[in-house]
Amino acid sequence: MSQPSFSSAKMVEDAQGSIPNGVEYTTPAERKAVRLLDYTILPLMTMFYLLSFLDRSNIGNARIAGLQKDLRLTDHQYQVAVTVTYVPYIASELPANLLLRKVGPNIVMPTLLVVWGVIVTLQGTITSYAGLVAARAFLGLVEGPMFPGIVLYLSGFYTRRELSLRVALFFSAASLSGAFSGLLAAAIQNMHGIGGKPGWAWIFILEGLFTVLVGVAAFFLVPSTPQASRFLSREQKELIVRRLERDRPAISIVESFRVKEILRSLMSPHVLICFVMFFANGTTLYGLALFLPSIVNQLGFKATTSQLISVGPFAAAFLVTLISSYISDRYHSRTIPIIITGLLAVIGFGIFLGTSHVHTAYGSLFLSVTGVYSTAPLLSAWMANNSEPYYRRATSVAVGFIATNAGGILSTWRYPTKEGPRFKRATIMNLAFSIIIVVGSALNALYLHRENVQKERRREELLRPYAKEGNKGMENSARIELGDRHPDFKYSL
């Protein structure tokens, strides 16, 4: 699973170019240090998120492998089992992000992997609706912190300019998980009857055990900070810290947790605009992740064929996710790539809604899945780019993923079997939400541009309360108190 990071090393390197605000590769040694981070950090984060998405969404594969039939679940009961995952998932995101620095990502992330791997494995032993609901609730509680935690974690290793492509490289695991999930499920369900267990049970058992093994290994591989990396020399660690300080001067300032930083995040207009876009993207993304095999199956394809051909749209999404994020970092623009990927989703859902031809409907999924999946890392980087200092950024990132997973709750109720294969109401909703993302990104860009101009005009006024010449403490105080509202902090557009 580490291949995306290694094979994309040249893409990562080329995307840097000339980084604004003086953050650039000033020496070959600095370039080498960042590439070492790419080789040692990104493969791990990619694997973590691949397993997170795979272990959460493999219930869709288990469903068409016989889970719903064997447990005698109604459509309503299946939807409840999927929905209950997201309630504790959402509840755990913000507290976990705020605790990540204190406990240490080198402890938090591996522990989460091991615990949820055990839960997934135990899903293969359930025999009732109640057991499935309980397992899914505990799974959501433990998996919730992973995605926002990874984004926050990477923002402490890379500059703002570099973040989109790195988020895309690990988030592309979501696309890969959709592809691998279908391939694995098609193979594993052939184990039906071994040990007296149905094929769908083996999907959970084997995938869960693998997650446990990765989690145990991760205790020895995940550094808490760049300074703690086993793969960087002392000089390289110093280079990484210096370039992060050039990009985010507040990053080196020791900051205590304050509740008002949570409130400042929640009161930021750009965070609220992104919240709406995250919700729209989460609704469409989780709907496709959980129900695409069922959608393809109801188009008229056999169960095993559905597992296999659902790989195509996810594979396309993987490629476009990397390309769009590369372009976003290369030209330091978030708005235009989000508008383009949003329009891909609009076209895809529009075709699916309007066609009566099975193969055209299947082909439209390449556009909709690609547009939806490639939007997510761009939004994630945009949110992380524009909040400062640390605890405000931790809150903003978590809030974005709370919205995403709230959308996941909605999506689970929009695909009842009786409405297949067209799922007209769900498709209209997805089309509308994709339009919201396009419009929202344009509005957010206009607001952020206005704020950049206003901060520069009001520079003296904003800094006056902290203006004591030569007082480093007051300068640091200004950076912490003002955060992203500091005149020197330029919002990413």
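Just so we're clear, the structure is a prediction, and the values are computed from it rather than from any experiment. Start at 1 with the first residue, then count along the sequence.
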Intermediate values then yes/no, side-chain contact (heavy atoms from CB on, under 4.5 Å), Q77 and V133: CA-CA 9 Å; Q77 288 176 319; V133 169; over 6 Å; no
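- H192 has its side chain out of reach of W202: every pair of non-hydrogen atoms, C-beta onward, lies at least 4.5 Å apart.
- Considering only heavy atoms from C-beta on, R63 comes within 4.5 Å of F291 through its side chain.
- N61 places no side-chain N or O within 3.5 Å of a backbone atom of A185 that could act as its donor or acceptor partner.
- Note that OG of S324 and OH of Y373 are 14.5 Å apart. Values are rounded to the nearest 0.5 Å.
- Using a 4.5 Å cut-off on side-chain heavy atoms (C-beta onward), M45 and L169 make no contact.
- Two residues are said to be in side-chain contact when any heavy atoms from C-beta on lie closer than 4.5 Å; D484 and Y491 meet this criterion.
- Shortest non-hydrogen contact noted between F48 and A218 is CZ-CB, 3.5 Å.
- For F157 against P223, the heavy-atom pair with the smallest separation is CZ-O, 4.1 Å.
- In this structure, CG in L221 is found 10.0 Å from OG1 in T40, a value given to the nearest 0.5 Å.
- Side-chain N or O atoms of E93 include one that pairs as donor or acceptor with a backbone N or O of I402 at under 3.5 Å.
- Proximity of L37 to R166: side-chain heavy atoms (C-beta onward) are nowhere separated by under 4.5 Å.
- Every pair passing side chain to side chain donor-acceptor pair (under 3.5 Å) that includes a residue from residues 377-386 is listed here, sequence neighbours excluded: R334-N385.
- Here the side chains of V80 and W413 are in contact, with some heavy-atom distance below 4.5 Å.
- With contacts defined as side-chain heavy-atom distances shorter than 4.5 Å, the pair K418/D75 does not qualify.
- When all heavy atoms of P110 and P105 are compared, the closest pair comes out as CD-O, 3.6 Å.
- Across every non-hydrogen atom of R160 and D247, the tightest pair is N-OD2, 2.8 Å.
- Under 3.5 Å, the side chains of Y286 and N405 contain a donor-acceptor pair of N or O atoms.
- Checked against a 6.0 Å centroid threshold, the rings of F231 and Y39 do not count as neighbours.
- The distance from the OG1 atom of T283 to the CD1 atom of I409 is 10.0 Å, given to the nearest 0.5 Å.
- Here the side chain of S325 pairs no donor or acceptor atom with the backbone of L322 at under 3.5 angstrom.
- When each of F170, Y89, Y153, F53 is paired with F147, the ring-ring contact (aromatic ring centres under 6.0 Å, His included) condition holds for F170 and for no other.
- Although no hydrogens or angles enter the test, the distance criterion places no donor-acceptor pair under 3.5 Å between the side chain of T85 and the main chain of A137.
- From L71, atom CG reaches atom CD1 of I126 across 5.5 Å, with rounding to the nearest 0.5 Å.
- No hydrogens or angles considered: nothing links the side chains of N281 and T375 as a donor-acceptor pair under 3.5 Å.
- Between V114 and V216 the shortest side-chain heavy-atom distance falls below 4.5 Å.
- Here the CZ-CD1 distance, from F401 to I150, works out to 9.0 Å after rounding to the nearest 0.5 Å.
- A donor-acceptor distance shorter than 3.5 angstrom exists from the side chain of S396 to the backbone of R392, with no hydrogens or angles considered.
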Would you be so kind as to tabulate the donor-acceptor pairs closer than 3.5 Å made by side chains of residues 427-434, with sequence neighbours excluded?
residue : atom : partner : partner atom : Å
T427    : OG1  : R422    : O            : 3.1
T427    : OG1  : F423    : O            : 2.9
N430    : ND2  : Y415    : OH           : 2.9
N430    : ND2  : A426    : O            : 3.3
S434    : OG   : N430    : O            : 2.9

side-chain contact (heavy atoms from CB on, under 4.5 Å) between T111 and F219, intermediate numbers included: CA-CA 8 Å; T111 301; F219 280 106; 3.5 Å; yes
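- Contact record, Q123 with W200: O-CZ3, 4.0 Å, taken as the closest heavy-atom pair.
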CA sep, side-chain torsions, deciding dist, call: T412, Q79, side chain to side chain donor-acceptor pair (under 3.5 Å): CA-CA 6 Å; T412 60; Q79 289 164 339; over 6 Å; no
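- Side-chain atoms of T360 never come within 3.5 Å of backbone atoms of S356 as a donor-acceptor pair (strictly under, hydrogens ignored).
- Within 6.0 Å of CG on L206 lie more than 12 heavy atoms contributed by other residues, nucleotides or ligands.
- Here the closest non-hydrogen pair linking S333 and S328 is O-OG, 2.6 Å.
- Put simply, the side chain of R161 gets close to the backbone of R330: a donor and an acceptor are under 3.5 Å apart.
- Salt bridge status for R425 with E419: present, with a side-chain N to carboxylate O gap under 4.0 Å.
- Counted within 6.0 Å of CZ on F138, heavy atoms from surrounding residues, nucleotides or ligands total 12 or fewer; the atom is thus considered open.
- Side-chain contact of S387 with R393: a donor-acceptor pair under 3.5 Å is absent, judged by distance alone.
- Counting only distance, with no hydrogens or angles, the side chain of S441 and the backbone of V438 share a donor-acceptor pair below 3.5 Å.
- A donor-acceptor pair under 3.5 Å links the side-chain atoms of T355 to the main chain of H357, judged by distance alone.
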Working for side-chain contact (heavy atoms from CB on, under 4.5 Å), residues F279 and T404: CA-CA 5 Å; F279 178 80; T404 297; over 6 Å; no
From CA spacing to verdict: side-chain contact (heavy atoms from CB on, under 4.5 Å), V212, V120: CA-CA 10 Å; V212 172; V120 172; over 6 Å; no
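- Here the CD-CG distance, from Q68 to L132, works out to 10.5 Å after rounding to the nearest 0.5 Å.
- In terms of modelled atom types and a separation under 3.5 Å, the side chain of S155 and the main chain of L152 share a donor-acceptor contact.
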